[in-house]
Amino acid sequence: SLHELGADDPMLTLAAGIYRRTWYLNQFALRRAAAAVGRLRDASLDVLVIGGAAALMLAYRDLGAREMERVDLLLGPEQLRPAVATLAASGWRAVEPAAPGRGLLSYMAELEDDTGKRVALHAYALRQSADDRDLWHARVPLDLLGVPAHGPGLADQLLCTCGAVPRSSFPTPQWAADALAIVRAT
């Protein structure tokens with residue numbers, strides 16, 4: 001820690017508080033997402049954890065290192081509607097409706113639980129929807145707070161991280177920090 005190195009600044013206390021808050025909120029979000037992944041798996045739906053949650057678990061390896069607004073999950077395009085129905089049956093509600101057939105990457109549904117935690121279900125990993133079989137074949141095991149799951153390998157995670165930037169209406173610099181963490185983890 002910086003205190004052990006002799007650093008003494010009042011901002012360190014503030015930074016430590018922000019870290020603890022982020023760690024707590026991410027624990028809570030990942031527990032809710034783990035429940036969603038468990039439900040989807042019980043319904044025989046394959047899921048990959050992608051986005052910030054995958055970056056946290058596979059690259060940062062520290063749940064307080066970055067904040068997450070939601071947890072992103074990748075399914076196949078044919079599994080999006082059954083996944084929405086499965087989660088709706090367990091109390092999740094659509095924030096944005098699933099949008100099949102409105103262009104190349106309009107296959108996404110964002111759902112929210114009763115605590116306000118969100119998951120986004122994606123049919124494709126990248127904006128230019130393509131066959132994601134390579135991504136699925138190179139998946140790696142991921143322990144989602146006790147729930148067995150999978151995420152993309154680090155090379156694919158880097159591609160997904162950089163490829164998600166144009167998809168966002170308001171990209172933040174977080175993608176660059178995630179990309180750096182992924183590169184450092186390789």
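Values below: every heavy atom of this structure, side chains too, minus hydrogens, waters and symmetry copies.
Atom CD of Glu110 and atom CZ of Arg93 lie 12.0 Å apart (nearest 0.5 Å). Atom CG of residue Leu30 and atom CG of residue Leu25 lie 11.0 Å apart, to the nearest 0.5 angstrom. Between the CG atom in Leu58 and the OG1 atom in Thr186 there is a gap of 12.5 Å [rounded to 0.5 Å]. The structure places CZ of Arg139 at 14.0 Å from CD1 of Ile50, a figure rounded to the nearest 0.5 Å. Atom SG in Cys160 sits 12.0 Å away from atom CG in Asp178 (nearest 0.5 Å). Within the model, atoms OH of Tyr19 and CG of Leu12 stand 14.5 Å from one another, a figure rounded to the nearest 0.5 Å.
The heavy-atom pair separating Leu87 from Leu111 by the smallest distance is CB-CD2, 4.3 Å. Considering every non-hydrogen atom in both Val71 and Ala53, the closest pair reads CG1-CB, 3.9 Å. Looking at every heavy atom in both residues, Pro152 comes nearest to Ala54 through CD-CB, 4.2 Å. Taking each heavy atom of Ala83 and Leu75 in turn, the nearest pair found is CB-CD2, 3.6 Å. The two residues Asp156 and Asp134 make their nearest non-hydrogen contact at OD2-O, 4.1 Å. In plain terms, the two heavy atoms of Ala109 and Val84 that are nearest each other are CB-CG2, 3.7 Å.
Using a 4.5 Å cut-off on side-chain heavy atoms (C-beta onward), Phe28 and Arg31 make no contact. Side chains of Gln79 and Val47 form no contact here, defined as non-hydrogen atoms less than 4.5 Å apart. A heavy-atom distance below 4.5 Å is not found between the side chains of Met57 and Val49. Between Leu145 and Leu63 the shortest side-chain heavy-atom distance falls below 4.5 Å.
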For Arg32 and Asp114, run side chain to side chain contact (heavy atoms under 4.5 Å, CB included): C-alpha distance rounded to whole Å, both residues' side-chain angles, the deciding distance at 0.1 Å, then the answer.
-> CA-CA 10 Å; Arg32 299 301 299 150; Asp114 58 344; 4.1 Å; yes
Evaluate the criterion side chain to side chain contact (heavy atoms under 4.5 Å, CB included) for residue pair Leu135 and Leu159; output intermediate values, then yes/no.
-> CA-CA 10 Å; Leu135 189 82; Leu159 177 65; over 6 Å; no
Going through the distances and angles, do Leu158 and Leu154 end up as a side chain to side chain contact (heavy atoms under 4.5 Å, CB included)?
-> CA-CA 6 Å; Leu158 181 61; Leu154 288 173; over 6 Å; no
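With a 6.0 Å radius and a threshold of 12 heavy atoms from other residues, nucleotides or ligands, Trp23 has its CH2 atom at or below the threshold. Within 6.0 Å of atom CZ in Arg21, 12 or fewer heavy atoms from other residues, nucleotides or ligands are found, so the atom counts as exposed in its surroundings. The environment of CD in Glu69 is sparse: at most 12 heavy-atom neighbours from other residues, nucleotides or ligands sit within 6.0 Å.
The backbone N or O of Pro148 sits less than 3.5 Å from a side-chain atom of Arg41, completing a donor-acceptor pair. In this structure, the side chain of Arg81 does not engage the main chain of Glu78 through any donor-acceptor pair within 3.5 Å. Without hydrogens or angle criteria, Asn26 side chain to Arg66 main chain gives a donor-acceptor distance under 3.5 Å. In this structure a side-chain-to-backbone donor-acceptor pair under 3.5 Å is present from Asp132 to Ala125. Between the side chain of Gln157 and the backbone N or O of Gly51 there is at least one donor-acceptor pair closer than 3.5 Å.
Between His150 and the options Leu142, Val140, Leu74, Leu48, a side chain to side chain contact (heavy atoms under 4.5 Å, CB included) holds for only Leu48. A side chain to side chain contact (heavy atoms under 4.5 Å, CB included) with Trp92 is found for one member of Leu121, Asp113, Thr86 and no other, namely Asp113.
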